[in-house]
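First up is the structure itself, then whatever we jot down about it.
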Amino acid sequence: MIDLLQINPGLWVILAGVIAALMPVGPVRKALAIGAPILAAFLIFTIYDSTEVLAGQFSVLGVELTTLRIDNLSVVWGYLFCLAGFINAVYALHEDSWITDSSALVYTGAAIAGVLSGDWLSLFLFWELTAISSVFLVWQGGAHAYAAGIRYLVIQVLSGVLLLAGAVMFAGANGGDWTFGYVGLETTGAAGWVLLIAMGIKAGFPMLHMWMQDAYPKASITGTVILASFTTKFAIYALARAFPGTDILIWIGCIMTCFPVFFAVIENDLRRVLAYSLNNQLGFMVAGIGIGSTMAMNGVVGQVFVHVIFKGLLFMSIGAVMYRVGTAKASELGGLFRSMPYTTVLCLIGAGSIAAFPLLAAFVTKAMILQAAIDAKLWIPFTMMLFASAGVMEHSGIKVPHFTFFAHDSGRRVKEAPWNMLAAMSIAAVLCIVLAWPWGGYDILYSLMPYETDYKPYTWDHVVFQLQLLFAAIFAFNVLKRFKLYPAERRAEVVDADVLYRRVGKNMAVWTDAMWTRLGARLKRGRDRATASVGRKLSQAFSPAGRMSEAAPSGLPAILTAGLLAVVLVVAYIAAA
Amino acid sequence: MSSWFISHGAAFIVILPLLMAVITALLPAVRRLAWFTALIVAVLVALVAFIVLQTQIDVGAFIYRMGGWEPPHGISLAIDAVNAPIALLIAAMAVFTLIYAEPAVDSEVQRKKRAPFYAAFLLAVAGLIGMVVTGDAFNVFVFLEVSSISTYTLVAMGANRDRRALSAAFNYLILGSIGATFFVIGIGFLYAETGTLNMADMQGILANLDGGSRAAQVGFGFVLVGLGLKLAMFPLHTWLPGAYAYSPTVVTAFLASTATKAALYLLYRFMFTVFDPSFDYVAVTLTYVVTGLAVIGMIFASLQALFQTDARRTLAYSSVAQVGYMLLGIGLISTLGLVGSYLHLINHAVVKGGLFLSLGAMWYRFGITRISDMAGLAKTMPITTAAFTVLAFSLIGVPFTAGFVSKVALAEAALERGWYWAVAVIMIASILALLYMGRMMMVAYFSPPPASAMGEDGRVVRREAPLLMLLPMVGLAVTSVLIGVRGNVYLAEVSENAARVLLPGGGL
Amino acid sequence: MSDPVTTAERDLSDIHPAARPFLFLGETKVKRNFLWLPLIGLILSSIFGVIHPSKYPAPWETIGDFVIPGSWAIFGFLAYSFIVLVAPLLFKLLARPEDYYGEGGLPDPEVSTDPAITGEAHHD
């Protein structure tokens with residue numbers, strides 16, 4: 001009998017997903033979707049005893065596996081993913097789709113199991129499982145999401161393949177130790193870089209990020225919310241585990257915070273704006289991991305935790321709007337506070353949280369990352385992140401709520417969001433406030449952080465300077481609006497790095513294919529003509545169907561054989577001489 | 001009785017099918033009689049091959065002297081850890097394909113040609129096993145020709161189904177003969193150099209001469225290229241797609257899983273135990289020429305597979321790519337590399353044999369040859385498609401399937417030599433395999449079945465393959481998963497023993 | 001929707017009850033004068049910033065030993081303006097027609113209320 005507590009809690013959630021896939025009764029599936037994350041959280045709570053717990057060890061193919069590791073880092077992600085799985089399940093209650101239910105459960109479970117696994121091989125397995133299970137959520141978006149789903153799948157699977165390759169190289173260099181732990185770049189050579197790129201793809205490093213902005217806005221309404229919760233945060237966990245204090249991550253992270261800001265301004269599809277915003281938030285985390293001090297790592301862990309909540313809240317509110325209106329394009333929306341006041345308030349709480357208003361979630365955690373940069377005297381990264389904070393205010397803090405709920409009245413009068421969406425958003429909104437509450441609230445967050453901390457976020461100077469930044473941004477918005485300098489929302493497809501493969505690469509492939517076909521035809525014609533005189537009699541003799549010309553021994557293989565013999569002889573001659 | 005098999009089993013597994021081939025050819029055209037005879041023979045051969053393998057494991061390498069004549073003058077059969085498993089593999093694949101053959105041959109070969117068909121099949125089995133177990137270099141050539149000539153005939157019998165089989169067989173005949181000729185010329189040079197045809201003797205003499213003179217080097221070149229043609233080493237593979245695509249299903253499956261594998265075995269035998277990688281010219285040729293061609297072949301043939309419209313041609317080109325993997329293992333010249341190569345040889349025989357069998361079942365029911373025709377097969381032939389899917393996963397190298405085990409072994413071997421680029425190539429080729437196999441599965445799973453597959457009431461009608469076809473397919477699919485899950489227990493040991501025999505020094 | 005009711009009646013009837021007290025937020029006057037709210041906050045927080053100076057001023061927040069008052073406000077204003085002002089330029093560089101990739105993306109005529117298909121702005 002296997003001890004049930006030796007089993008990775010994520011596997012139960014995956015099992016629930018498999019059952020849901022076979023379950024024709026809708027309410028049972030919904031019960032599984034809500035119950036499984038709660039069960040997993042309870043199991044994590046039971047197993048974890050505030051020291052590192054290793055369990056589920058066995059060896060396969062000579063590789064020692066540790067399928068369950070709960071320590072002060074992974075436990076945070078474990079709880080977080082359970083919480084996110086629960087909120088997402090509530091949000092999806094209205095949707096009767098067994099594909100969404102089952103793939104969301106498998107995806108959630110894979111993410112939980114992934115962060116709780118202690119060796120590279122299990123990590124790789126769940127890394128791929130998150131990719132494969134989640135692509136169905138993209139495809140749920142309808143026919144136009146199909147190609148994006150394929151691209152998503154290819155890129156995600158590529159990331160997994162790279163991860164496996166890197167892990168094989170890394171474990172090989174480490175004398176067959178497959179424990180998933182610190183990697184770094186100094187001593188690991190190519191293995192470290194391969195692993196960094198594998199994680200970088202999933203974490204949305206600049207130029208490796210496009211799958212996110214490509215696939216997320218095309219998924220179904222609930223699909224986008226679920227997708228945004230796990231994949232990238234799983235990658236952040238892997239980075240935090242394998243590359244803390246790696247200098248290059250500071251710069252990668254800072255670039256990641258800045259570049260999406262510009263795209264988010266001109267993008268019209270609000271779900272895509274939020275995907276850029278997500279990318280920008282990941283930048284803060286990556287930069288924090290790069291700094292790697294205890295303050296920074298605490299900040300990263302806290303930031304991940306609250307980020308999943310408030311980013312989920314924003315995606316949920318835009319999802320609710322889309323559910324009622326049918327589109328999430330800024331040019332089509334406006335003035336919706338008249339019909340959806342509750343959603344408006346909840347969205348504003350999310351927007352305030354992401355912009356790090358005092359009393360709202362990111363205020364504490366983002367400050368810790370910035371403080372870590374200040375402590376390390378990293379002034380340029382600090383300034384870049386501050387710049388990006390102003391950018392966050394622009395796209396998530398102002399643009400998303402303003403163009404959806406206020407601005408010009410689009411004249412749409414729709415119903416308020418369904419009760420379950422409001423419930424899910426309310427849970428998230430309450431958490432946003434609670435986790436930043438100055439009187440004991442953020443201590444909950446501190447208790448989850450891997451290191452002891454006594455950082456005090458609510459100091460006069462911090463509150464005041466943060467307010468300066470935010471008020472200045474809002475003021476600038478109003479001034480620019482007043483002078484008609486703020487660009488209007490316009491319908492367009494904004495090209496990003498994905499143009500390289502969606503347009504340039506595709507055209508090249510099409511061109512190559514055409515050229516290949518033409519060249520092949522030309523070559524065949526030439527060869528046919530050359531061999532025709534000799535080969536015609538043979539072909540007629542040996543092919544009653546008269547199709548000899550296609551597969552007849554044209555002499556080319558024979559020449560190749562002779563040529564290869566010559567090569568081998570020359571090589572052997574030189575080698576022996 | 002069993003002690004008789006232990007002492008004479010090695011000869012039995014060659015001579016029984018050889019003799020029975022003659023008898024089968026003369027059998028009257030009674031329904032199923034020829035098939036039944038051939039099947040019984042194959043089962044017997046497989047059983048005895050298993051006994052031989054067990055004997056080899058128990059007592060180690062041993063030599064069977066034909067007629068009691070001592071080598072080097074007499075003809076001997078030399079059984080060791082390298083060829084005993086391959087002999088069993090050939091015999092077992094013969095059993096699998098012959099079970100399948102009853103319905104398949106019934107629909108693909110004319111009635112009056114059925115007895116000769118099974119006779120030729122047995123002859124091919126005899127030739128393949130013979131060239132694997134013999135210890136005499138000239139004997140290798142003889143059995144090579146026995147198996148080749150019978151295969152030319154078998155391929156040509158596909159003409160009843162598709163006339164192009166004739167031209168493919170002719171093409172195969174010309175190139176196969178060139179290969180055999182090269183091989184025998186190489187043996188001639190070696191004979192001139194060493195004065196013996198016994199392979200163990202050749203090894204000793206060549207080692208004493210430290211690789212020998214120019215004559216040995218020329219012999220080496222001819223043997224390598226001749227075998228390269230037989231095992232479809234890129235770019236000498238041009239005979240293969242046609243031969244695989246147009247011959248009867250049973251023949252394709254059997255050829256794909258055994259013929260190139262036997263030739264590859266000979267390459268192991270000659271490169272490592274007749275010649276030796278400690279000779280400079282062998283090491284350099286293996287490292288640069290064979291590895292280079294292996295790598296180019298993996299990529300190029302995979303790309304060609306990607307652009308085929310005919311499902312069997314796709315698999316045929318994939319075979320060329322997979323041969324590249326095995327050659328890469330050889331080119332590494334290390335124990336680990338040979339382990340990977342040997343594992344991949346066995347796995348690929350199982351996988352590709354099973355894939356061709358499933359495609360054959362699809363043809364049997366729906367006349368499918370093109371990928372685009374595979375639409376909706378998941379609904380019309382669920383079991384066949386499931387077996388096909390499992391085997392395709394194995395070919396791609398999904399974890400817990402056979403392909404994963406051997407690809408990881410090869411990647412590890414490449415890492416051991418520090419050949420990171422080779423790992424990259426393995427991955428690229430695997431991704432390409434994902435694409436070309438995925439293309440078929442996409443069609444099979446996601447395209448709606450054609451209107452002709454619908455019943456009166458508009459529902460899809462299931463038309464699963466007959467039981468005799470399903471058994472071997474599912475058997476091979478299950479085998480591939482078993483290897484993937486438990487491959488470390490048994491197969492890895494077999495491969496390591498083989499690699500140790502081939503490279504006692506552990507390579508470069 | 002088509003029943004003939006007066007404008008005033010309909011305005012209220014299809015507005016969510018919880019939103020009725022807040023309809024003033026949509027008035028042009030309120031929107032235009034909203035500007036002053038952040039300005040006041042800006043000025044107040046800058047004054048407080050002088051009283052409670054930053055413990056760790058960045059190099060760009062000081063000229064010699066003199067700490068610029070409202071430094072984050074100035075930074076925020078400039079950063080925000082920069083982001084918005086380069087947007088039209090970026091738009092020219094990066095924007096393509098909505099069906100650029102040939103994967104759909106045009107507005108759904110079922111739900112779209114866009115007055116012009118040419119991409120005219122309709123926000124104020």
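Per chain, numbering begins at 1; letters A, B, ... match sequence-line order. Because the structure is predicted, anything quoted here is derived from the model rather than measured.
- Counting heavy atoms from C-beta outward, A:S389 and A:L469 have side chains that approach closer than 4.5 Å.
- For A:Y342, the OH atom counts as loosely surrounded, since its 6.0 Å shell holds 12 or fewer non-hydrogen atoms of other residues, nucleotides or ligands.
- If you tally non-hydrogen atom pairs under 4.5 Å between each of A:T383, A:V265, A:V463 and chain C, the highest count goes to A:T383.
- Looking at A:I398, only its side chain comes within 4.5 Å of chain C, counting heavy atoms on both sides.
- The parts of A:L467 that come within reach of chain C are both its backbone and its side chain, each placing non-hydrogen atoms under 4.5 angstrom from that chain.
- Of the atoms belonging to C:T28, not a single heavy atom falls under 4.5 Å from chain A.
- More than 12 non-hydrogen atoms from other residues, nucleotides or ligands lie less than 6.0 angstrom from CZ of C:R20.
- Counting heavy-atom pairs closer than 4.5 Å to chain C, the top residue among A:A473, A:P487, A:G391 is A:A473.
- Using a 4.5 Å cut-off between heavy atoms, A:V479 contacts chain C through both its backbone and its side chain.
- Every side-chain contact (heavy atoms from CB on, under 4.5 Å) that A:V261 has, sequence neighbours left out, goes to A:N280, A:H395, C:I83.
- Within the 4.5 Å cutoff, the side chain of A:Q213 has no heavy atoms near those of the A:V494 side chain.
- Looking at C:W72 and A:Q466, their side chains come closer than 4.5 Å, going by heavy atoms from C-beta outward.
- In terms of heavy-atom pairs under 4.5 angstrom with chain A, the leader among C:A79, C:P38, C:A87 is C:P38.
- Within the 4.5 Å cutoff, the side chain of A:M393 has heavy atoms near those of the A:F357 side chain.
- Residue contact with chain C, scored on non-hydrogen atoms closer than 4.5 Å, involves the backbone and the side chain of A:R338 alike.
- Annotation: maximal heavy-atom pairing with chain A below 4.5 Å, among C:A18, C:A73, C:P17, C:S46, occurs at C:A73.
- Heavy atoms closer than 4.5 Å to chain A are found in the side chain of C:V86, but not in its backbone.
- Salt bridge A:E493/A:R272: present, at least one basic N to carboxylate O contact under 4.0 Å.
- Of the atoms belonging to C:P21, not a single heavy atom falls under 4.5 Å from chain A.
- Residue A:L470: no heavy atom, backbone or side chain, is found under 4.5 Å from chain C.
- Under the rule for a ring pair (Phe, Tyr, Trp, His ring centres under 6.0 Å), C:Y80 has no partner lying at least two apart in sequence or in another chain.
- The side-chain contact (heavy atoms from CB on, under 4.5 Å) test applied to C:I74 returns C:I68, C:L78, not counting sequence neighbours.
- Heavy atoms of C:W36 lying under 4.5 Å from chain A are absent altogether.
- Below 4.5 Å, heavy atoms of chain C meet heavy atoms from A:I374, A:W379, all part of residues 373-380 of chain A.
- In terms of heavy-atom pairs under 4.5 Å with chain C, the best-connected choice from A:Y486, A:F477, A:F382, A:F263 is A:F477.
- Note on A:E394, A:K415, A:H462, A:E416: by heavy-atom pairs under 4.5 Å with chain C, the leading option is A:E394.
- Heavy-atom neighbours of C:F91 CZ from other residues, nucleotides or ligands within 6.0 Å: above the threshold of 12.
- By the 6.0 Å contact criterion, CZ on C:F24 is enclosed, its count of non-hydrogen atoms from other residues, nucleotides or ligands being greater than 12.
- Considering only heavy-atom pairs separated by less than 4.5 Å from chain C, the leading option among A:M340, A:Q371, A:E267 is A:Q371.
- Ring centroids of A:Y276 and A:F262 are separated by 6.0 Å or more, keeping the two rings apart.
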- Task: With side chain to side chain contact (heavy atoms under 4.5 Å, CB included) as the test, would you mind laying out the steps for A:F337 and C:I15 before giving the verdict?
- Result: CA-CA 9 Å; A:F337 79 95; C:I15 303 269; over 6 Å; no

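- Most heavy-atom pairs under 4.5 Å with chain A: of the set C:P59, C:G49, C:P53, this distinction falls to C:P59.
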